[in-house]
Each structure stands twice: as structure tokens, then as C-alpha cells.
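Predicted model, so just to flag it, every value in this text is computed and none were measured.
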Amino acid sequence: MAHENQGHRARLRARMQKEGLSSFQDHEVLELLLFQYLPYKDTNKIAHNLLNNFGGFAGVLNASPQQLMTVEGISEVTACNLAVLKEVFRRYKLSDSQKISLKGLSSIILYARRLIADSYKERLVAVYVDGATNFLYQEEFTSENVDNVNIDCKKLVATATRVNAAGVVIFHCHVSGPCQPSDADCHFTEKLYFALASINIVLLEHMIFNAAGEYYSFFSEGKIKETANKFVQTLN
């Protein structure tokens with residue numbers, strides 16, 4: 001029985017990873033949730049009992065821990081973990097509705113300055129966004145050297161792929177002097193653009209700030225467009 005139980009659980013997990021939950025019945029979703037708390041019990045039977053007792057999936061998630069514990073096989077730990085799911089979903093919806101949008105130069109400048117303010121060493125921040133330019137993930141690179149920070153393009157590309165980004169925005173600070181890009185800045189920007197474009201991800205912007213509050217925008221100065229044209233030429 002234990003062997004059959006493990007096989008059933010493995011099959012459900014494999015389905016979830018391949019298809020998501022759209023093809024799952026309610027009791028199967030509950031089983032997935034129960035697996036981690038009930039390693040040796042018949043979660044199929046418990047899932048059905050939960051649905052029957054509370055009138056459906058929503059009823060289960062609306063139930064209090066005390067109510068859930070009236071179902072045979074549901075411990076206090078399991079009940080608390082099931083009961084918190086609705087609150088987790090509410091928190092997710094609230095966070096999702098407050099997504100940071102990086103659409104437009106002004107919003108990028110505001111966000112960038114908040115992240116790299118008062119830097120005494122050169123820092124580079126990469127922000128990964130979805131197709132609507134909503135924030136997905138942020139990654140920061142620093143250096144012990146006040147003059148430069150070395151970044152491996154492969155690391156940024158790997159992260160962009162992992163978070164399923166549609167675009168990347170990068171910005172860094174020049175601790176002293178003007179915010180005009182160096183030859184190394186331009187070379188890095190072109191290299192990163194080409195690497196991302198090869199997997200259909202767009203480098204949307206590279207901005208450089210300095211201690212005086214000035215900034216240089218590769219997009220506004222037409223450098224992103226020039227690089228995009230170079231990339232297209234390599235395909236012909």
C-alpha cells in the first residue's frame with residue numbers, strides 16, 4: 001500500500017509540473033496540499049472527506065483550523081496550513097495589484113534613484129520585467145572597487161530565463177565624475193543586448209547616474225536603437 005501511495009503521489013506531482021492545475025479535480029488539488037503534512041496517510045480519502053464536510057473547495061479554504069480538525073486525519077498543523085491558504089491568496093492579490101510598473105523614463109528614474117541612492121562604490125542593478133514592463137525580480141551587483149563593477153552577461157541571461165522575463169532594465173552609478181558612458185559601459189551594453197535578444201528577451205534601458213543626480217539614458221540617446229539595428233544586421 002505504501003508503494004502504491006508513493007506512486008500515486010509521484011504521478012500527481014508530475015502532472016502538476018507538466019500541466020499545472022487546470023486539469024485537476026478539487027480533491028486532487030487538496031491531495032497535493034496534504035502530501036507534505038501527511039506522508040503516510042490516505043490523502044485521497046481525507047481530501048474527499050474535507051470536500052464533503054465543507055461543501056466544496058471554497059468551503060474547505062474558508063473553514064477555521066478548529067473546524068478542519070473535526071475531519072479525521074487532520075492534525076492542528078495540517079489545519080493551520082490549510083486555513084492560511086486563503087490569507088496567502090489575499091496577500092498575493094494585494095501584492096499583484098500593486099506591481100511596480102517600469103513603463104516610461106520617469107518611473108525608471110524614480111525607481112533607480114531609490115535603489116542606488118548614496119552609493120559610495122559602483123553598483124549595477126538589473127531589473128527583470130514581464131511583457132507589460134511590470135517588476136518581476138531585481139538583482140544587484142557590487143564591487144570593492146569604487147571605479148567599476150564587472151558583470152558576467154551569462155549570469156544576467158540565466159536569471160532572465162529563470163524568472164521568465166520579457167525585458168531587462170539595468171542601471172548603475174558612477175561614484176565620481178560625469179555620467180557619460182565609458183567605452184566599457186557601451187561594450188557591455190551591446191554584449192548584453194545581443195545575448196538577451198538571441199533568446200527573445202529585450203534590453204529595454206541602461207541608465208547611468210552620478211553623485212550630482214545627473215543621468216544618462218541609453219534609450220533616450222538612441223543607443224539601444226542603434227544596438228538593436230546592429231543585432232538585426234547580424235541576422236541577415
Side-chain angles (χ1 to χ4, degrees), residues 1-103 107 111 126-140 155-169 196 199-202:
M1 179 63 70
H3 176 72
E4 291 180 3
N5 193 37
Q6 287 302 111
H8 172 65
R9 295 180 177 210
R11 286 190 294 273
L12 275 187
R13 291 192 183 102
R15 273 181 59 199
M16 185 274 292
Q17 292 180 48
K18 183 178 180 181
E19 307 169 8
L21 294 179
S22 60
S23 66
F24 276 53
Q25 296 183 52
D26 288 345
H27 75 273
E28 292 175 317
V29 176
L30 285 176
E31 281 194 80
L32 278 175
L33 294 171
L34 293 170
F35 285 168
Q36 58 188 315
Y37 311 117
L38 304 172
Y40 305 114
K41 293 186 178 180
D42 183 354
T43 53
N44 183 280
K45 180 180 179 181
I46 295 172
H48 278 291
N49 287 341
L50 283 167
L51 292 169
N52 291 335
N53 280 32
F54 297 105
F57 192 82
V60 175
L61 297 191
N62 284 326
S64 68
Q66 292 74 21
Q67 291 172 321
L68 291 167
M69 284 188 288
T70 63
V71 175
E72 184 178 355
I74 297 295
S75 67
E76 182 179 7
V77 171
T78 303
C80 288
N81 279 285
L82 286 176
V84 80
L85 288 173
K86 184 176 69 173
E87 295 305 317
V88 170
F89 179 69
R90 284 177 177 168
R91 182 68 62 91
Y92 163 77
K93 293 295 290 183
L94 176 62
S95 177
D96 193 53
S97 69
Q98 297 173 340
K99 279 182 177 176
I100 300 170
S101 176
L102 297 177
K103 185 176 293 183
S107 63
Y111 184 63
V127 176
Y128 305 86
V129 298
D130 62 18
T133 67
N134 291 314
F135 176 95
L136 290 175
Y137 186 72
Q138 168 201 320
E139 195 167 30
E140 181 176 323
K155 181 169 177 55
L156 276 79
V157 171
T159 302
T161 303
R162 177 171 58 83
V163 302
N164 197 28
V168 179
V169 176
L196 290 169
I199 55 172
N200 297 316
I201 299 175
V202 180

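Remark: Glu28 pairs with Arg15 by the salt bridge (charged side-chain N to carboxylate O under 4.0 Å, His left out) rule, at least two apart or across chains. Residues passing the salt bridge (charged side-chain N to carboxylate O under 4.0 Å, His left out) test with Glu72: none are found, sequence neighbours excluded.
At least one donor-acceptor pair closer than 3.5 Å links the side chain of Asn62 to the backbone N or O of Ala58.
Residue Gly73 comes nearest to Leu38 through the heavy atom pair O-CD2, 3.6 Å, listed as atom of the first residue, atom of the second, then distance. Across all their heavy atoms, Leu34 and Ala47 have their closest contact at CD1-N, 4.2 Å. Annotation for Leu61 and Lys86: closest pair O-CB, 3.8 Å, computed over non-hydrogen atoms. Scanning all heavy atoms of the two residues, the minimum distance from Met16 to Phe24 falls at N-CZ, 3.7 Å. Closest heavy-atom contact between Val168 and Val129: N-CG2, 4.5 Å. For the residue pair Tyr128 and Glu139, the shortest heavy atom distance occurs at OH-OE1, 2.7 Å.
The distance from the CG atom of Asn53 to the CD1 atom of Ile46 is 11.5 Å, given to the nearest 0.5 Å. The line from OG1 of Thr43 to CZ of Phe35 is 4.5 Å long, rounded to the nearest 0.5 Å. The distance from the OG1 atom of Thr161 to the CD1 atom of Ile201 is 4.5 Å, given to the nearest 0.5 Å. Separation of atoms CZ (Phe54) and CG (Leu82) is listed at 9.5 Å; rounding is to 0.5 Å. Note that CG of Asp42 is 9.5 Å distant from CG of Asn49, once rounded to the nearest 0.5 Å. The distance from the CD atom of Glu76 to the CD atom of Gln66 is 8.0 Å, given to the nearest 0.5 Å.
You'll find the side chain of Val202 stays beyond 4.5 Å of the side chain of Leu196, heavy atoms only. Here the side chains of Leu68 and Val60 are in contact, with some heavy-atom distance below 4.5 Å.
For CG of Asn52, the number of neighbouring non-hydrogen atoms (other residues, nucleotides, ligands) closer than 6.0 Å is greater than 12. In Lys45, the NZ atom is not crowded: 12 or fewer heavy atoms of neighbouring residues, nucleotides or ligands sit closer than 6.0 Å.
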